[in-house]
A.B. asks: 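Got a structure here, written out as structure tokens. Questions coming.
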There are 2 protein chains.
Amino acid sequence: MKLIEARQQFISSWGAFGTHWGINRTMAQIHALLLTSPDPLTQDDIMEELDISRGNTNMNIRELINWGLVERVLIPGERKEFFTAEKDIWKVVKQIVKERKKRELEPMLQLLDKLENVEGDKRDKHVKTFIDTVAGIKKLGRQADKSLDVLIKAEENWFMGTMMKFFK
Amino acid sequence: MKLIEARQQFISSWGAFGTHWGINRTMAQIHALLLTSPDPLTQDDIMEELDISRGNTNMNIRELINWGLVERVLIPGERKEFFTAEKDIWKVVKQIVKERKKRELEPMLQLLDKLENVEGDKRDKHVKTFIDTVAGIKKLGRQADKSLDVLIKAEENWFMGTMMKFFK
DNA sequence: TCGAAACTTCAAAATTTATTGAAAGTTTGG
DNA sequence: CCAAACTTTCAATAAATTTTGAAGTTTCGA
């Protein structure tokens, strides 16, 4: 398979993959493009490669920067801004975990705390089922939260090495 | 907070939560409704509680059954079918991990295997960056795949207990 | 300070995804 | 076997999301 073809397939699959994870297709494709690009690209490069509009490109680059996955690069003597993606996949994973934890897991845990204090008699099976379900999710959620904190701080070699050894 | 209100909030939040994870709102809401329901419900109960159409309800129940999160229950003397959700959250998590691994991670790894065999000279930095990126994702992906296999087979107490102790 | 290049914004349009509801299909009990 | 009760399907519709592109703003060099 030729590079051009392989790269296109990677970009397109990464985009489709992203949509299963609540990330929009274009954002994932821009990320894939930058991940496989040896040098930083300009907004115009990205527009052209992916055949998307200026506005769309701009918005999604900005969003990738918010996620900490892409950064602006200034190239001396160039007026335009260039963009580059973090290539160390372990760092990428940690960054995504960190953001999603903050944006999704933590608010959910806060909500569950509130919901657990529902009024009513636990002898009522409706009340009991509700409280037990919420408590169960909360317990697992808190454990996951702590485990993810460790992952976020860990070095790849240590974390993965230990995981593999540990779980044989 | 009253039960009715708390439950509505739970259902609605679970639905919103689902949309960030590639699960449609209604499917997540039906799941939340069943999770917090002490007894099995019929399709009509679900339609009424969530105020959605018969077709929509039916499709999403079927999808939840495909995911292994909900099952049909036959109640003696009743003509209608009843549905109930697995209440053990650890089992729910394992089931979701198992399905997503199969549906998403495994196909992605297969693709990466193929893409890594791109033609070309590694001294070309475009080729090199592409191969290195793909290889990096693949390596981490394979490790994640194995770790998830362990999780899927594990008991909650063992797994979470070890995680917490281990990572202190 | 000005002008052009670069960047950002956002309302409207296009696309994608979810939902409805009526028709077709099944199952069950008499 | 028939009719009633229930379930499933799917084309049409509605809703949500993404994309566009042109107008507006900022930045930089001369």
Side-chain angles (χ1 to χ4, degrees), chain A residues 11-34 39-67 70-84 103-104, chain B residues 11-34 40-67 69-84 103-104:
Chain A
I11 290 169
S12 140
S13 303
W14 204 245
F17 204 62
T19 60
H20 290 287
W21 290 87
I23 288 157
N24 90 47
R25 189 182 311 279
T26 303
M27 186 170 148
Q29 286 185 349
I30 294 175
H31 189 219
L33 179 68
L34 291 172
D39 304 308
L41 300 180
T42 63
Q43 185 166 307
D44 291 272
D45 294 334
I46 295 168
M47 282 168 61
E48 196 181 335
E49 288 275 357
L50 301 180
D51 195 20
I52 54 180
S53 71
R54 181 169 301 283
N56 194 9
T57 309
N58 188 279
M59 272 178 157
N60 282 292
I61 290 175
R62 210 149 24 81
E63 193 62 7
L64 282 163
I65 293 174
N66 284 343
W67 275 79
V70 164
E71 60 181 30
R72 276 173 226 277
V73 177
L74 291 173
I75 295 200
E78 289 279 0
R79 174 85 178 267
K80 287 186 177 183
E81 290 180 333
F82 285 72
F83 300 95
T84 188
R103 295 172 192 215
E104 295 161 32
Chain B
I11 289 169
S12 140
S13 302
W14 203 245
F17 203 62
T19 61
H20 291 287
W21 289 85
I23 289 158
N24 90 47
R25 190 181 310 279
T26 303
M27 184 170 149
Q29 286 185 350
I30 293 175
H31 188 221
L33 179 68
L34 290 172
L41 301 180
T42 63
Q43 185 165 309
D44 290 272
D45 294 334
I46 295 169
M47 282 168 62
E48 197 181 334
E49 288 274 359
L50 300 179
D51 195 20
I52 53 180
S53 72
R54 181 169 299 283
N56 194 10
T57 308
N58 188 278
M59 268 178 157
N60 282 292
I61 290 175
R62 206 148 30 82
E63 193 61 8
L64 282 164
I65 292 174
N66 284 344
W67 275 80
L69 300 175
V70 163
E71 60 182 29
R72 276 173 226 278
V73 177
L74 291 174
I75 295 200
E78 288 280 1
R79 178 86 178 263
K80 288 187 176 182
E81 290 183 332
F82 285 72
F83 300 96
T84 188
R103 296 171 191 217
E104 295 160 33

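A note on names: the letters A, B, ... follow the listed sequences, proteins ahead of strands, and every chain is numbered from 1.
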A.B. asks: Within the structure provided, determine whether A/Met47 and A/Arg54 are in side-chain contact (heavy-atom separation under 4.5 Å).
C.D. replies: yes
A.B. asks: Can you tell me how far P of C/dA6 sits from CD1 of A/Ile75, to the nearest Å?
C.D. replies: 14 Å
A.B. asks: Base, sugar-phosphate or nothing for B/Gln43? Non-hydrogen atoms, less than 4.0 Å.
C.D. replies: base
A.B. asks: Answer whether the closest heavy-atom distance between the side chains of A/Phe83 and A/Ile65 falls below 4.5 Å.
C.D. replies: yes
A.B. asks: Looking only at non-hydrogen atoms, find the nearest pair between B/Gly18 and B/Ala28 and report the distance.
C.D. replies: CA-CB, 4.3 Å
A.B. asks: Quick check: closest heavy atoms across A/Trp14 and A/Ala32, and the distance to 0.1 Å?
C.D. replies: CD1-CB, 3.6 Å
A.B. asks: If I take atom CZ in residue A/Arg72 and atom C1' in nucleotide C/dA6, what distance separates them, rounded to the nearest angstrom?
C.D. replies: 12 Å
A.B. asks: Could you check if a side-chain atom of A/Gln43 sits within less than 4.5 angstrom of a side-chain atom of A/Ile46, using non-hydrogen atoms only?
C.D. replies: no
A.B. asks: Calculate the interatomic distance between B/Glu81 atom CD and C/dT28 atom C1'; express it in whole Å.
C.D. replies: 12 Å
A.B. asks: Whole angstroms only, please: what is the CD-P distance between A/Glu78 and C/dA5?
C.D. replies: 15 Å
A.B. asks: Using side-chain heavy atoms (C-beta onward) and a distance below 4.5 Å, is B/Trp67 in contact with B/Met27?
C.D. replies: yes
A.B. asks: Side chains of B/Lys80 and B/Asp44: closer than 4.5 Å at any heavy-atom pair?
C.D. replies: yes
A.B. asks: Quickly work out the A/Arg62 CZ to C/dC7 P distance and round it to whole Å.
C.D. replies: 13 Å
A.B. asks: From NZ of B/Lys80 over to P of C/dT27, roughly how many Å is that when rounded to an integer?
C.D. replies: 18 Å
A.B. asks: Holding to salt bridge (charged side-chain N to carboxylate O under 4.0 Å, His left out), I want the full list of residues that pass it with A/Glu81, two or more places apart in sequence or in another chain.
C.D. replies: A/Arg72
A.B. asks: Is there a donor-acceptor pair closer than 3.5 Å between any side-chain N or O of A/Asn60 and the backbone N or O of A/Asn56?
C.D. replies: yes
A.B. asks: In the 5'-to-3' direction, what one-character label does each nucleotide of nucleotides 15-30 of chain D receive under the scheme B = base within less than 4.0 Å of a protein heavy atom, S = sugar-phosphate only, - = no such atom?
C.D. replies: ---SSBB-----BB--
A.B. asks: CG of B/Leu50 versus P of C/dA18: gap in Å, rounded?
C.D. replies: 16 Å
A.B. asks: Take the protein atom CG of A/Asp44 and the nucleotide atom P of C/dA5, then report the distance between them rounded to whole Å.
C.D. replies: 12 Å
A.B. asks: Between the protein and nucleotides 24-26 of chain C, are there any N/O to N/O pairs under 3.5 Å, and if so, what are the atom names and distances?
C.D. replies:
none

A.B. asks: Does A/Asn58 have a side-chain nitrogen or oxygen under 4.0 Å from the phosphate oxygens OP1 or OP2 of C/dT8?
C.D. replies: yes
